[in-house]
Amino acid sequence: MGLDVTLMPLNKILGDPKRASEHAAFLKVTGLVVPSGNDQNFGYTEQVGPYAIFHHLWRYAANIEMNNKPPDEPGTHPLDDLYYQQAMAKPQTRFDHLLRHSDDYGYYYPVDFDRPLEIIADAESGGFLKKLFGSSKPDLKPVSFGSAIRLQKELLEINEFLKVPVRDEAPSQTYEDGIHGDEWGDEKWTWTVLYFMSRKAIEHGQIVVFE
């Protein structure tokens with residue numbers, strides 16, 4: 001099990017009944033207007049890997065949040081990190097679109113909004129339930145929605161410390177040429193995938209999908 005990150009045009013989202021229902025719920029809750037974007041499927045998809053690899057970037061960001069500096073060294077159990085736990089106990093952080101978005105399912109939209117949302121879309125009735133952290137229908141799983149614009153800004157702030165080479169190339173190329181063998185390789189790989197996908201989402205008016 002691991003996290004796959006894919007860039008999808010809006011027409012592909014709307015062509016899937018479940019995703020279309022979740023999209024409609026997001027629009028209904030937020031009142032936002034999403035650009036139609038480029039209809040071309042560019043085939044951008046990457047596997048971050050096991051969830052623990054993704055969690056290493058959570059830990060890195062949380063340490064910056066709490067200490068204004070990254071961890072002294074890589075950690076083996078990211079979610080056991082004290083500063084990660086302290087950051088998540090705060091009502092708000094400067095990295096919410098990274099830290100408070102699901103690590104296994106959800107979306108990042110190429111629009112700007114303040115905080116990530118958890119929304120339950122009831123596909124059977126066509127309705128929706130909005131929640132920040134709770135639900136009156138526990139049998140339905142909430143879906144995470146974040147802003148690709150805010151995520152990109154958060155990633156750039158993290159990169160003031162992480163120092164990933166920013167290149168206009170596929171993440172796998174950056175890994176091979178720029179970060180392979182680095183002691184912060186897990187953090188840098190996750191960062192590279194998220195930054196590439198958020199940048200392309202903004203550029204093409206498309207949606208980043210976690211699955």
Side-chain angles (χ1 to χ4, degrees), residues 2-16 18-20 22-23 26-27 30 32-49 51 53-58 60-61 94-117 143-160 162-180 182 184-211:
L3 172 62
D4 292 322
V5 184
T6 303
L7 188 69
M8 292 187 184
L10 181 58
N11 61 359
K12 186 170 183 178
I13 298 289
L14 296 179
D16 180 287
K18 181 177 183 295
R19 295 196 187 282
E22 292 164 349
H23 174 75
F26 171 73
L27 296 184
T30 63
L32 292 168
V33 176
V34 176
S36 56
N38 192 320
D39 288 339
Q40 181 178 348
N41 186 351
F42 294 98
Y44 293 138
T45 185
E46 291 285 355
Q47 185 175 72
V48 171
Y51 295 119
I53 292 178
F54 185 82
H55 296 161
H56 280 292
L57 188 62
W58 277 357
Y60 195 94
R94 62 190 133 147
F95 303 114
D96 277 350
H97 285 265
L98 172 66
L99 294 174
R100 302 191 192 276
H101 189 282
S102 169
D103 61 358
D104 69 347
Y105 189 81
Y107 306 90
Y108 284 98
Y109 275 68
V111 291
D112 192 2
F113 53 97
D114 182 29
R115 301 194 66 186
L117 295 170
V143 179
S144 286
F145 293 87
S147 164
I149 294 171
R150 296 293 180 107
L151 176 64
Q152 185 184 65
K153 290 178 179 177
E154 293 175 9
L155 292 170
L156 288 172
E157 184 172 351
I158 291 168
N159 207 38
E160 293 177 14
L162 194 56
K163 306 298 184 185
V164 183
V166 178
R167 302 173 176 180
D168 190 18
E169 62 185 12
S172 56
Q173 292 177 281
T174 301
Y175 180 82
E176 291 173 5
D177 300 336
I179 62 178
H180 178 66
D182 192 289
W184 297 99
D186 287 348
E187 291 84 352
K188 289 186 175 185
W189 170 243
T190 301
W191 189 97
T192 299
V193 172
L194 295 184
Y195 184 76
F196 178 86
M197 294 299 180
S198 62
R199 183 161 58 88
K200 291 300 182 181
I202 296 165
E203 178 183 343
H204 298 299
Q206 296 187 351
I207 298 165
V208 179
V209 178
F210 277 21
E211 55 187 350

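It should be emphasised that the depicted structure is a prediction, and the values quoted were computed from it without experimental measurement. Atoms considered below: every heavy atom in the structure, side chains included; atoms not considered: hydrogens, waters and symmetry mates.
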- Sidechain-backbone polar pair: Asp186 side chain, Ile53 backbone, donor-acceptor under 3.5 Å: no
- Task: Report the distance from atom CG of Leu162 to atom OG1 of Thr192, rounding to the nearest 0.5 Å.
- Result: 8.0 Å
- Can we say Arg150 and Glu154 salt-bridge, meaning some charged N sits less than 4.0 Å from an Asp/Glu carboxylate O? no
- Task: Kindly say whether Gly106 contributes a backbone atom to a donor-acceptor pair with the side chain of Ser144 at under 3.5 angstrom?
- Result: no
- Query: Are the ring centres of Phe26 and Tyr107 closer than 6.0 Å?
  - Reply: no
- Task: For His97 and Ser147, indicate whether the former's side chain and the latter's backbone hold a donor-acceptor pair under 3.5 Å.
- Result: yes
- When every non-hydrogen atom of Val111 is compared with those of Val33, the smallest separation belongs to CG1-O, 3.6 Å
- Working to the nearest 0.5 Å, report the span between CG of Leu57 and CD of Glu187. 7.0 Å
- Message: If you compare all heavy atoms of Lys163 against all heavy atoms of Lys188, which two are closest, and at what distance to 0.1 Å?
- Response: O-NZ, 3.9 Å
- Assert yes or no for the condition that the ring centre distance of Trp191 to Tyr60 is strictly below 6.0 Å. no
- Interatomic distance, Phe54 atom CZ to Asp103 atom CG [nearest 0.5 angstrom]: 6.5 Å
- Task: Taking the side chain as every heavy atom from C-beta outward, state whether Val164 and Ile158 have any pair of such atoms under 4.5 Å apart.
- Result: no
- Message: I'd like to know whether Phe210 forms a side chain to side chain contact (heavy atoms under 4.5 Å, CB included) with Tyr108, so could you lay out the CA-CA distance, the side-chain angles of the two residues, the decisive distance to 0.1 Å, and finally the verdict.
- Response: CA-CA 8 Å; Phe210 277 21; Tyr108 284 98; 3.6 Å; yes
- With sequence neighbours left out, write down each residue that passes ring pair (Phe, Tyr, Trp, His ring centres under 6.0 Å) with His56, or none if nothing qualifies. none
Listed pairs under 3.5 Å, donor-acceptor, residues 195-202 side chains, sequence neighbours left out:
residue	atom	partner	partner atom	Å
Ser198	OG	Leu194	O	2.9
Ser198	OG	Tyr195	O	3.1
Arg199	NH1	Asp168	OD1	3.4
Arg199	NH2	Arg167	O	3.2
Lys200	NZ	Asp168	OD1	3.4
Lys200	NZ	Glu203	OE1	3.4

- Quick one: does Pro110's side chain get under 4.5 Å of Ile149's, heavy atoms only? no
- What distance do Met8 atom CE and Asp16 atom CG have between them, rounded to the nearest 0.5 Å? 8.0 Å
- Taking all non-hydrogen atoms of both residues into account, name the closest pair between Asn38 and Phe42 and its distance. ND2-CZ, 3.7 Å
- Query: If you measure from NE2 on His55 to CG on Leu3, what distance do you get to the nearest 0.5 Å?
  - Reply: 9.0 Å
- Message: Between Gln206 (side chain only) and Gln40 (backbone N and O only), is there a donor and an acceptor less than 3.5 Å apart?
- Response: yes
- Sequence neighbours left out, what passes side chain to side chain contact (heavy atoms under 4.5 Å, CB included) with Thr45? Give chain and number order. Thr6
- Query: From Tyr109 OH over to Leu10 CG, what is the distance, rounded to the nearest 0.5 angstrom?
  - Reply: 7.0 Å
- Query: Would you say the side chain of His101 lies within less than 4.5 Å of the side chain of Leu151, judging by non-hydrogen atoms?
  - Reply: no
